[in-house]
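A, B, ... follow the sequence lines: proteins, then strands. Residue 1 opens every chain.
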2 protein chains.
Amino acid sequence: MEKRLNDFDVKDGSPLTKMTIKDVAREAGVSTATISRVLNNSGYVSHDVKQQVLAVIRKFNYQPNAIARSLKQEKSRSIGIVLPDMANPYFMKIARTIQHRCFQEGYHLLFIDTEENPEKESEALDFLTEKRIEALILAGTGANRDQIQTISDSGIHVILFDRRFSNLKLDTVTEDNFYAAKSAVEYLLEKKHERIGIIHGPQTISTARERRQGALIGLEEAGISLLPELMIEGDYTRESGIKAIQHFSQLPDRPTAIFSSNNEMTFGIYLGLQELGIPLDSVEVVSFGDLEFSSLFQHKLSVIMQNPQELGETIGDLLIRRLNGDDDAKENRILMPRLVPSR
Amino acid sequence: MEKRLNDFDVKDGSPLTKMTIKDVAREAGVSTATISRVLNNSGYVSHDVKQQVLAVIRKFNYQPNAIARSLKQEKSRSIGIVLPDMANPYFMKIARTIQHRCFQEGYHLLFIDTEENPEKESEALDFLTEKRIEALILAGTGANRDQIQTISDSGIHVILFDRRFSNLKLDTVTEDNFYAAKSAVEYLLEKKHERIGIIHGPQTISTARERRQGALIGLEEAGISLLPELMIEGDYTRESGIKAIQHFSQLPDRPTAIFSSNNEMTFGIYLGLQELGIPLDSVEVVSFGDLEFSSLFQHKLSVIMQNPQELGETIGDLLIRRLNGDDDAKENRILMPRLVPSR
DNA sequence: TTGTAAGCGTTATCAT
DNA sequence: ATGATAACGCTTACAA
C-alpha cells in the first residue's frame, strides 16, 4: 500500500496530481510544521528556509487544501445565501455587493434559490448547516421560522434581508415598505385620483404585508374608503399583474390609478393592458421596485426605487462585523426607498 | 484537557453545541462505524440498532459535518461558477438552472463575479481550486487561458459557457453568435436598409468577436462595403451604447438601422436617443440578448433571443455526466438563438 | 452484524 | 528556529 509521494509532473510547474503539505515538506527538506508556518506567516521561520519553501511551493504549484484547513480550524469560511429568485436583478444586485465583500475577506458564498418554496428553503437550510456555514443571509419565504431561530441559536450569524419575521431576535436589513407604500398612495391622491386600484402580494411575505398595510393606511388617512373590487392579491409574478388588469378592466368604473406592490406585477400590468388593447398611459401607476426600462417610458409610471446596492453594503458591513466577533445586540436596519415620479 | 462530550442542550432537540459522530455513538451505545453506516446506508446494520441510532440523531438534531466528510472522501461536492456579472439576468438565468440541478444532485455552487476583470478572475480561480472544486463553470474574460487549461489538466471538469477559447480542448456550451449576427444583418438588408450602423463589443470576448464577424460577413456577402464611421466598438455597457449614438447622430448621413452586439448597449442606444431628443423609432435596431421590456415597445426593435434556460439545462446535463465519470471526448455544444422581429 | 483503528491534509502544542 | 505529533470529524478496511 506504499503510496508514491513523488508522483508529480514537474515540468512547467503544473502538477497533474494534487500535492500535499507533506510532499512540500519532503521536497524542501523540512517538516510540515515549517511549511504551515510559511503558509500562514505564523511563528518563527528563518529567512533562508522561508525562501526555500516558497521556491518549492512555486515550483510544484502547490495549493493548500482549504477543506483540511477548514476542518482543523473549525472554520468553513463559507456563508450561505438563500433567496427566492436568483434571476431577479434586485436580489442579485444585493448579492453581488455581498459577494465582492466576502471574497475580499476570504469568504465564499453558497447560493440557494428557493423559488419561494418553503420546503425547498427548509432543505436548503439543512444542507447549508451541514456545510458548516458561518453565517446565513436570508430573504425568506416566510416559513421555517423555528428552524431559522435554531440556526441563530446554534451560533451561526443570521442576517435577514428584504423580508423579516416579526418578534424574532435576529439581525435584519430591510426597506421601509410601510412608509414608502403610504407615500406612494398619498402621491396618487395628491394628483387627484379617487379610484385607486391596489395590487398587493402574497401575505405570507413580510414586504407584501407591509406594503399593503401602508397603502391602506394611506387611503384611510385621506378618508377614502377602500372598495373591495379595487384591491386584488397577486403573487408577485408577472402573470398575476396581467390577471389584475383583466379584472380591473371589467369593472364598470375602472381605476384611474394603480398601486402595485412589486416590479414583476407592474410589468404584468402593462402586458395586460397591451393584450387588451388599452393604451398604456390610460392609467397612472406607482410601483415598487426598479423597472429598468421605466426611464424609456412615456407612460405615467412612477417608481419606488429600492436601493439594492446600499442594502448589499449594509448587509456586508454587518456580516463582516459579526464574523469578526461583534456580539452586540441584534440590529434592525431599515433603509428608505425613494419615490421617483413619472415625467 | 478532558473535553466534556456530553454538553448538549437536550430540550426540544436543538443543540447549542455541535455534536459529532462520537457523541452520537456514545449516546446510542454503539461505535462510530455503525453511526456512519446508518448515515450512509452502507454496510450492514440491524434494524433495531438502526432505529436506535436514528432516534438519537433526531433527539439531538445531529447533523454530520460535511467538511470532515469531504476531507475523508476527497470529494468537495462543490462546483465553482465564475461569470462577469452576477446582476445580469442572462447569466443568472443560466446559473439558476444549473443551481437547481446541482442542488438536486447534492452539489453546491461557489459563485464568483469577476466584473470582466482578468486579474480578479485569476485570483478567483486560485481561490476555487484551493476549495477543491470538482468542476468549474466559466464565462471568462478572455484571459487566463493557460491557468484554465491547467485546471482542466489537473482533473477538474471545466465547462466554458457563453464565451470560449479557440483551440482549447475543453467542454463548451455556447450560442451561434456568428450565424445569428449574420442573419440579423441580412434581416436589416431585406428591409432595404443601406446604411447600417454596427456597435460591437470588446474584441477580447469571443462572443463579441463572433458577432462582429457575422455582421461583417453579412454585409460583405450582400456586396456592401462597410464604412468605418458606421462601425464603433463599445464595451458591452450601457454607457458605450449612449456614446455610439452620440457618434452616429453627428454623422452627416446617419444610419437608418443599427446592429447592436448586446442588450446593455442597446439600452444605451435608446437612452442616448432620448437624451438627444431623437424619436426612439427613427432608427431600426436589431440587438443581441433578451431585453425584457422590448415587448412593450412600439419601436422598431428586433431581438436575437438567446436561450439561457436551455443553456443552463445543457450545461447541467453535461456537468452531471462529467461528475459521474463520463470521460468521453470534450464536447462543443452550440445552441441556436432565434431572431424575434419587431412588430 | 459490529467494533477498532488508520488516515484524509491541515494546524498548533509542546519539545528540543 | 524547527520538528514530532495529536487532534479536527468523518469513512472504511479489516478484525472479530
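Between the side chains of A:Q147 and A:S122, at least one donor-acceptor pair of N or O atoms lies under 3.5 Å. Counted by atom type alone, B:K50 and B:N41 present one or more donor-acceptor pairs between their side chains at under 3.5 Å.
Salt-bridge annotation for B:K120 and B:E115: present, with a side-chain N of the basic residue lying under 4.0 Å from a carboxylate O of the acidic one. Ion pair B:D317/B:R101 flagged as a salt bridge, since at least one NZ, NE, NH1 or NH2 atom sits closer than 4.0 Å to an Asp/Glu carboxylate oxygen.
Heavy-atom distances to DNA chain C give each of B:G43 and B:E74 a nearest nucleotide, and the one nearer the 5′ end belongs to B:G43. Position along DNA chain D of the nearest nucleotide to B:A33 versus B:I67 favours B:I67 as the more 5'-ward residue.
For D:dT2, neither phosphate oxygen OP1 nor OP2 lies less than 4.0 angstrom from any side-chain nitrogen or oxygen of A:S31. Between B:S46 and C:dT2, a side-chain N or O to OP1/OP2 separation shorter than 4.0 Å is present. Between B:N65 and D:dC8 there is no side-chain N or O to OP1 or OP2 distance below 4.0 Å. Residue A:R69 places none of its side-chain N or O atoms closer than 4.0 Å to OP1 or OP2 of C:dG9. Proximity of A:T20 to the phosphate of C:dG9: no side-chain N or O atom is located under 4.0 Å from OP1 or OP2. Contact between the side-chain N/O atoms of B:T32 and the OP1/OP2 oxygens of D:dC10 is not found at any separation under 4.0 Å. Contact annotation: A:Y62 reaches the phosphate of C:dT10 (side-chain N/O to OP1 or OP2, under 4.0 Å).
Between A:I21 atom CD1 and D:dT5 atom P the separation is 17 Å, expressed in whole Å. In this structure, B:I35 places its CD1 atom 15 Å from C1' of D:dT12, rounding to the nearest Å. Rounded to a whole Å, the CD atom of A:Q63 is 15 Å from the C1' atom of C:dT10. As a whole-Å value, the separation of A:Q73 CD from C:dT13 C1' is 15 Å. Atom CZ in A:R26 sits roughly 13 Å away from atom P in C:dT10 (whole-Å rounding). Nucleotide C:dT10 holds its P atom 8 Å from the CG atom of A:L39, rounded to whole Å. In this structure, CD of A:Q52 is placed 18 Å from P of D:dA1, rounded to the nearest angstrom. When rounded to the nearest whole Å, the span between NZ of A:K18 and P of C:dT10 equals 10 Å.
Tested against B:T314 for a side chain to side chain contact (heavy atoms under 4.5 Å, CB included), the candidates B:V173, B:I98, B:I159 yield a single pass: B:V173.
Listed nucleotides: D:dG3, C:dC8, D:dG9. Nearest to the side chain of A:T34: D:dG3.
Side chain of B:H157 to backbone of B:R322: a donor-acceptor contact under 3.5 angstrom is found.
Judged by distance alone with a 3.5 Å cut-off, a donor-acceptor contact links the side chain of A:R37 to the base of D:dG3. A donor N or O paired with an acceptor N or O is found under 3.5 Å between the base of D:dA7 and the side-chain atoms of A:K72.
Using a 4.0 Å heavy-atom criterion, one finds that B:S36 contacts the bases of the nucleic acid, with or without backbone contacts as well.
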